[in-house]
Amino acid sequence: MSRFLKKLTWLVLFPFLLLYASLEVMLRNIPNDYSFKSKWLQTNGKQIKVLVLGSSTGYYGVNPRFLSVKAFNASHVYQNPKYDLFILEKFISSMDSLQYIILPVTYHSLFYSLETSGENWRTKNYSIHYGLQGNRFDPKLNLAFYDHTLLSIFKRIFGYYINGQNEINCSAQGFGTSYLLEKRSPQWEGEGGIKAKAHSALFDEEDYAENLMMLERIAELCKERRIRLIMVFAPAWITYVESIDPELLKLDLIKCKDISKKYGNVSFINMLNDSRFTYDDFYDVNHLNEFGSEKFTLAIDSIMNSYPLTD
Amino acid sequence: MNFTSLTFLIFFALFFLIYWFIANRSLKMQNLFILLAGYVFYAWADYRLLFYLICVSALNFLLGILIEQSQSSKRRRMFVAIGLLQGIGGLFFFKYLNFFIDSLRDAFSSLGIHLSFETLNIVAPVGISFFTFRTISYLLDIDKGKIKAARDWVIFFNYVSFFPCILSGPIDRAKNLIPQLGNPRVFNYQQAVDGLRQILWGLFKKIVIADTCAKLTTQIFDHYQTLPASTLVVGPLLFTFQIYADFSGYSDIAIGLANLLGFRVTKNFAFPLFSQNIAEFWRRWHISLTSWLTEYVFTPLSIAFRDYRQWGLIFSVLINFLIIGIWHGPNWTYILYGLIHGCFFIPLILRGTIGKNLKIAKGKLLPSFSEFLNVFMTMSLVMLSFILFRSDNISDAFHYYGRLFSASVFTVPIIPNGRNIIVSLLPFLGIMLLVEWLQREKDHALQIDGIKSSFVRWAIYYSVFLSVLQFNTEAVQFIYYQY
């Protein structure tokens, strides 16, 4: 037995534990959007007056550069209200100047839970970089290397430690910079039906109820702090809008309006079919490009200005 | 708790250390510890029906003793009947009742009579098909006097729920496992090392081959209506590799885990992809199920119908394969799959070659042309039958067959989002087939103790392990978990 355990330990366990421990440390130290935004909010959160939350629609849609007051975009791809609330709760006590929270809502942003979605690998970023206290025994939530192939891990490590490429894909104010008009797929318009159906298929009653509850908690928290919460239903291209489930869309709109009615500090604006957003403003059927995001942010800025800042 | 998950790795590592270092003070303690771990493992999969598993174990334990103690054959038959009723009845209730209700309703509906039966909301216990067959064979063997009834409940409960095999087999017979549970266990270095090798190969097959093939077969079978026939040919081919790698991978891991605990468990696969006819395929595929059915269904039936000669044999084979189909689950696709395989036997029975023992390329590196042709024909039939196995329903399967035979079979196959996956899969698929071909005379493909150089052996282990790590992303459930 001792011979077996010795061989197993020294020839298998030890080298692979060492390998994975090294990979874990190296991966955690590669700067990415999550580590960048978390650090930024820790050190500069005090100064901002506007905080942008939400999923990819916020990440690629709201560029703080075009807002008239100091703002930061803390949204991440696939971030749903649970994680919006977590970020808000974590930093709100240090954000003394915060006056507005911009929360872009999309057709499907309340349909899913990040943990059970196909993008669940993102959850670990919240525990590793933001310090979310989740299940400490779930490797999916705590290990940076988990769910990644060995080759992809080596590629990332090589990319950062040898070639100096970090994984931050956003601007200094947290805005996603990679959705450019020139990079748009030639078939983008045709994907509307497929994408809308895929998004409709994400609908889960329990997740929907939980997300609504989180949204209400965000609204309550904002009310306590006298912060105006602006929920904006983000624009989408016609091929997408025509294929979404009208009943689910109606449900979204009713629920968002209900929240805005219930809490006096919440505004809800529906820009889904807004005619100001034209063909060249979109990157794909449900995301704006650099031109569209400028328009969207300016529109939000004018909405913000209709609710003057309080001192 | 999937065998390929990190959770299971930690669970088993802790279990292994306690089992050999703390629980080894007495046999009873060691057996109790396996039982406890088995129930934790089972409850992890589905805690709601752990109670059912315990009740089934208790009932069959008592029935075994009662059958053995019964003086009159009438009483013995009664106790056997109770056991069979519980086993088959439990299977019927949990797995087939809703299917039966649906089928009855459809049948009456086609006659214009609308029944208002509702299906029930039933959760089938995980591994029910496997542990039920274990308890049935136990009672039948006691009745025939082949084995003695277990008197130690811990041993018997362990036999029913031995955790490496509880979820998807192999379906071990009592005469193999119960005596091992009754003997003190001594750690055997060679056995443990061989167990680890088999686990490693099982992980390779599951994670590298099966899970990667699954990504492609899902694409093909989910979108078969829009894909050219050339792609539809690739679908069953990949599914054959997937299901083989998935199920034999599971079996390899289960057998390897049992080896680490000092148990020898029944072999479940013997390189079936190199079979030269369908009878040989079934002697090499899911061996523990086919040998179970041979002993308890096929042999009694063929004896009962021996007066009808070849027709009696054909009838026995068809019934045997009908049961194999039904065993897989409540779907007409499985039933038809079983019957088609039964029909594949008919030419062999008529030619009198059903029991012919074929050894491919014995003592040679390559097969002869006729051997190769036999393998090609056999595997083509198997692949075609897997369309039924993989399809959601009969209608989908027939549509798939219909689309398979069209002019687009001569076009270049297109798999949506599949190019990169195919490119990464092919070399490893080649490696699996090559290694299995070279090792076809051995118990498992990574039985490489014949290689004298430890450097070469370790280089092989590391290469296999690194490929597993490369492909290991999210743990995907085994296909036979649902049975």
Side-chain angles (χ1 to χ4, degrees), chain A residues 1-24 27 114-124 135-158 185 187 190-191 193-195 197-198 201, chain B residues 4-13 16-17 19-21 24 185-197 199-200 207-208 211-212 215 222-223 226 259-262 416-417 420-421 424 428 454-455 457-459 461-476:
Chain A
M1 174 62 102
S2 67
R3 184 179 159 212
F4 177 78
L5 286 180
K6 264 184 202 165
K7 270 199 167 182
L8 196 64
T9 307
W10 291 109
L11 292 169
V12 183
L13 290 180
F14 185 68
F16 282 98
L17 275 179
L18 195 69
L19 171 73
Y20 272 94
S22 321
L23 294 179
E24 179 68 18
L27 283 179
L114 181 58
E115 291 85 346
T116 51
S117 73
E119 298 279 315
N120 58 6
W121 58 270
R122 295 180 184 277
T123 51
K124 59 171 154 278
N135 181 358
R136 290 194 167 275
F137 297 103
D138 188 346
K140 198 188 281 290
L141 297 179
N142 297 289
L143 297 173
F145 67 77
Y146 202 76
D147 276 357
H148 294 285
T149 65
L150 204 56
L151 210 59
S152 73
I153 293 171
F154 281 125
K155 264 187 196 165
R156 289 171 62 194
I157 287 173
F158 188 81
S185 154
Q187 292 91 31
E191 291 166 354
I194 300 166
K195 267 201 165 182
K197 277 181 190 131
Chain B
T4 62
S5 68
L6 190 62
T7 319
F8 180 76
L9 180 70
I10 295 165
F11 168 81
F12 190 78
F16 180 83
L17 292 174
Y19 175 79
W20 284 114
F21 287 104
N24 67 336
R185 255 138 271 150
V186 180
F187 183 81
N188 180 323
Y189 177 81
Q190 282 308 331
Q191 189 184 0
V193 169
D194 199 50
L196 276 184
R197 287 189 194 124
I199 291 170
L200 185 57
I207 292 170
V208 179
D211 291 353
T212 315
K215 289 175 190 160
D222 285 358
H223 303 106
T226 56
N259 273 330
L260 284 173
L261 305 181
N417 311 318
N420 290 341
I421 304 173
S424 64
F428 291 98
S454 64
F455 175 79
R457 279 201 313 272
W458 278 95
Y461 301 149
Y462 279 130
S463 308
V464 177
F465 196 40
L466 285 171
S467 18
V468 169
L469 293 177
Q470 165 56 19
F471 280 80
N472 186 31
T473 50
E474 197 163 352
V476 180

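Letters A, B, ... mirror the listed sequences (proteins, then strands); counts begin at 1.
- Remark: the backbone N or O of Leu151(A) is paired with a side-chain donor or acceptor of Gln470(B) at under 3.5 angstrom.
- For Tyr20(A), the part lying near chain B is the side chain, with the backbone staying farther off; criterion is any non-hydrogen pair under 4.5 Å.
- Taking the side chain as every heavy atom from C-beta outward, Phe16(B) and Leu5(A) approach each other to under 4.5 Å.
- Neither the backbone nor the side chain of Leu9(B) comes within contact range of chain A; no heavy atom of the residue lies under 4.5 Å from a heavy atom of that chain.
- Ring orientation note: the planes of Phe16(A) and Tyr462(B) are tilted relative to one another, at an angle of 30° to 60°.
- Side-chain contact check for Val12(A) versus Leu196(B): every heavy-atom pair is 4.5 Å or farther apart.
- With contacts defined as side-chain heavy-atom distances shorter than 4.5 Å, the pair Leu150(A)/Phe471(B) does not qualify.
- In this structure, chain B has a heavy atom under 4.5 Å from the side chain of Leu143(A), while its backbone stays farther away.
- Between Thr149(A) and Leu469(B) the shortest side-chain heavy-atom distance does not fall below 4.5 Å.
- A perpendicular orientation is assigned to the rings of Tyr189(B) and Phe4(A), their planes being inclined by more than 60° (bins at 30° and 60°).
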